[in-house]
2 protein chains.
Amino acid sequence: MKSSKTRQDLIAALNTAMREASGQGVLYSQAVAQRLGINSTDLECLDHIALRGPLTAGALAAATGLTSGAITGVIDRLERAGFAARERDANDRRKVLVRALPAIEKKIAPLFEPMQKAAIASLSSYSDKELALLLDFLQRARDASLAAMAELGSLPA
Amino acid sequence: MKSSKTRQDLIAALNTAMREASGQGVLYSQAVAQRLGINSTDLECLDHIALRGPLTAGALAAATGLTSGAITGVIDRLERAGFAARERDANDRRKVLVRALPAIEKKIAPLFEPMQKAAIASLSSYSDKELALLLDFLQRARDASLAAMAELGSLPA
DNA sequence: CTCATTATCTTAGTTGCTAAGATAATTTGT
DNA sequence: ACAAATTATCTTAGCAACTAAGATAATGAG
């Protein structure tokens with residue numbers, strides 16, 4: 001069964017490629033974090049803060065799966081590094097809002113530029129239809145991974 | 001410029017999707033590690049050992065970027081957990097070869113099955129030609145990421 | 001056969017995490 | 001209105017995994 005074997009090989013190669021591409025992405029983030037003098041967790045949190053607007057400490061904890069104590073440390077470090085600032089919520093003064101500071105655009109965004117440019121360059125050779133296929137694939141991959149994790153959870157110990 | 005905007009949106013969506021799919025994959029690994037009672041680093045090392053055959057401690061350190069001291073700890077834990085074994089190299093008795101034990105197939109492989117099945121299921125709906133496109137894309141993504149990291153390294157501090 | 005080199009392990013100290021409880025603000029019940 | 005319960009963050013104590021530097025042991029070179 002030659003054609004069936006080829007297809008199987010293709011699928012195996014895709015799994016490997018997926019892992020390698022994913023791994024490289026993680027390494028890139030780590031390199032950026034190191035360059036900023038912060039750790040990967042802090043950068044991940046900063047990313048959330050920058051994208052999802054000002055966030056409470058609790059929301060950040062929920063988004064990352066860290067404990068409230070860990071988040072206190074994260075915000076302390078981001079504040080000390082000048083990337084974010086605490087701000088008491090005026091309506092509910094128990095809450096701490098974390099806001100991203102302009103240093104993000106100045107110091108952080110440039111470090112993601114090589115990656116962004118590389119991504120755009122890679123994608124430029126694809127037609128709209130092909131891009132749509134890729135997008136669909138990646139979304140399926142994410143959903144499949146999510147479903148697999150649920151199944152893993154229901155597996156006998 | 002409607003069509004141009006759409007394409008830009010598509011590319012932005014692809015970047016997001018790439019990160020989300022990658023993130024889900026990482027989470028899956030973490031879930032597997034947790035289920036095995038080991039940490040992600042140890043599982044990553046075990047993966048290397050299982051795939052690349054018996055390996056010296058030093059080779060493992062080089063592959064993962066960990067220090068020799070950290071690797072000693074990793075091997076200690078994997079050995080204690082019954083997943084790997086130390087073995088002195090007969091030719092050069094300074095070296096420690098780390099070998100994967102059968103427990104891997106029995107206990108670990110099953111935990112990756114949900115993911116593997118999900119991957120196969122996701123991919124089954126694609127034609128060979130489409131699979132080839134996806135593979136090419138992922139390999140480009142990996143290479144682009146690698147190149148971007150090199151560029152990052154040569155950026156002014 | 002001594003000395004430099006190589007490979008791993010050991011030790012001391014750091015970092016970032018969790019769990020549990022402290023503190024402070026808000027909401028609820030009466 | 002006010003005591004009690006709840007909610008949100010911070011603090012503290014302890015732990016796990018890491019690095020850096022040096023100890024130990026085997027090998028290779030002159």
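Sequence lines set the chain letters: A, B, ... in the order given, protein chains first and strands last, and positions in each chain run from 1. Computation of the quantities below employed the complete heavy-atom set of this structure, encompassing side-chain atoms and omitting hydrogens, waters and symmetry-equivalent molecules.
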Of the nucleotides [options], which has the atom closest to the [X] side chain?
{"X": "B:T41", "options": "D:dC18, C:dT26, C:dT8", "answer": "D:dC18"}
{"X": "B:T72", "options": "C:dC9, D:dT27, D:dT11", "answer": "C:dC9"}
{"X": "A:T56", "options": "D:dC18, D:dT9, C:dA19", "answer": "D:dT9"}

Is there a donor N/O on one and an acceptor N/O on the other, under 3.5 Å, for the side chain of A:R94 and the base of D:dT7?
->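 Present.
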Decide yes or no, distance alone: a donor-acceptor N/O pair under 3.5 angstrom between the base of D:dC10 and the side-chain of A:S68.
->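 Between D:dC10 and A:S68, which were checked side chain against base, a qualifying N/O pair under 3.5 Å is present.
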Could you tell me the separation between the [atom1] atom of [X] and the [atom2] atom of [N], rounded to a whole number of Å?
{"X": "B:D89", "N": "C:dC9", "atom1": "CG", "atom2": "C1'", "result": "17 Å"}
{"X": "A:N39", "N": "C:dT14", "atom1": "CG", "atom2": "P", "result": "17 Å"}
{"X": "B:L66", "N": "C:dC9", "atom1": "CG", "atom2": "C1'", "result": "15 Å"}
{"X": "A:I71", "N": "C:dG16", "atom1": "CD1", "atom2": "P", "result": "13 Å"}
{"X": "B:K95", "N": "C:dT5", "atom1": "NZ", "atom2": "C1'", "result": "13 Å"}
{"X": "B:Q34", "N": "C:dC17", "atom1": "CD", "atom2": "P", "result": "16 Å"}
{"X": "B:D76", "N": "C:dT11", "atom1": "CG", "atom2": "P", "result": "12 Å"}
{"X": "B:L97", "N": "C:dT6", "atom1": "CG", "atom2": "P", "result": "19 Å"}

Short N-O contact, A:R80 and A:D42, less than 4.0 angstrom =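 A:D42 and A:R80: not salt-bridged.
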Carboxylate-amine/guanidinium contact B:R86 B:D76, below 4.0 Å =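 A salt bridge is present here (some side-chain N lies under 4.0 Å from a carboxylate O).
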Starting at the 5' end of DNA chain C, which residue's closest nucleotide do you reach first, A:A90 or A:I38?
->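 The residue closer to the strand's 5' end, by nearest nucleotide, is A:I38.
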Assign each of A:G73 and B:R86 to its nearest nucleotide of DNA chain C by heavy atoms, then name whichever residue's nucleotide is nearer the 5' end.
->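 Taking each residue's closest nucleotide, the earlier one in sequence belongs to B:R86.
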Pick base, sugar-phosphate or nothing for A:A70, based on heavy-atom distances below 4.0 Å to the nucleic acid.
->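 Base contact.
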I'd like to check [X] versus [Y] (side-chain heavy atoms, cut-off strictly below 4.5 Å). Are they in contact?
{"X": "A:L133", "Y": "B:F137", "answer": "no"}
{"X": "B:E20", "Y": "B:Q24", "answer": "no"}
{"X": "A:L155", "Y": "B:E113", "answer": "no"}

Ignoring backbone atoms, establish whether A:R77 has a side-chain N or O less than 4.0 Å from OP1 or OP2 of C:dC17.
->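 For A:R77, the contact criterion (side-chain N or O under 4.0 Å from OP1 or OP2 of C:dC17) is met.
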